[in-house]
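Sequential numbering from 1 along the given sequence is applied to the chain's residues. In each ligand, atom 1 is the first atom listed, and ligand 1 is the first ligand listed.
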Amino acid sequence: MSQKFLPDGLSKVDQLDFLSGEERKFSRQIQGRTYANMFGFVERFIVAKILEITRGHWLGDQIALEALVRFCDEELKHQELFRRIEPMLAAGMPEGYRFSISLMRCSGCTAKMHLGRAGPDP
Ligand SMILES: [Fe+2]
């Protein structure tokens, strides 16, 4: 918990002159925790999308299918990484943090991704 969790170049917290040194560090930690949660969220969409792409290779190019399946296997490891990070950070930070995007609420995002767009329904 002595670390920033996010580099200054991404954080930009240093530009907030009204924060003390400890407040800046804590703000970077919140940003880093959110960054980790966002990436964990994105990793789930990557696997869903790649599995969708495999469909075109199920009975065709088995090398392409294997490559996509192995890619998913790596992405599943990333998901596990982010699942482990959140409770570790939660254990060291004050109560009250919430990352509120849910996959259920974003089920429309998958459909939009299929059309080449990402985001909530208009
Ligand atoms: Fe990944």
With respect to the Fe ion (ligand 1), what is the nearest N, O or S atom of E75?
OE1

Please name the atom of H78, restricted to N, O or S, that is closest to the Fe ion (ligand 1).
ND1

Metal site the Fe ion (ligand 1): N/O/S of E43 inside 2.8 Å:
yes

Would you find more than 12 non-hydrogen atoms of other residues, nucleotides or ligands less than 6.0 Å from F82 atom CZ?
yes

Decide side chain to side chain contact (heavy atoms under 4.5 Å, CB included) for S27 and L16; before the verdict, give the C-alpha distance in whole Å, the side-chain angles of both, and the deciding distance to 0.1 Å.
CA-CA 10 Å; S27 296; L16 304 176; 5.8 Å; no

Lys/Arg N to Asp/Glu carboxylate O, E66 vs R70, below 4.0 Å
yes

If the plane angle is over 60° it's perpendicular, under 30° parallel, otherwise tilted; pick one for Y35 and F39.
tilted

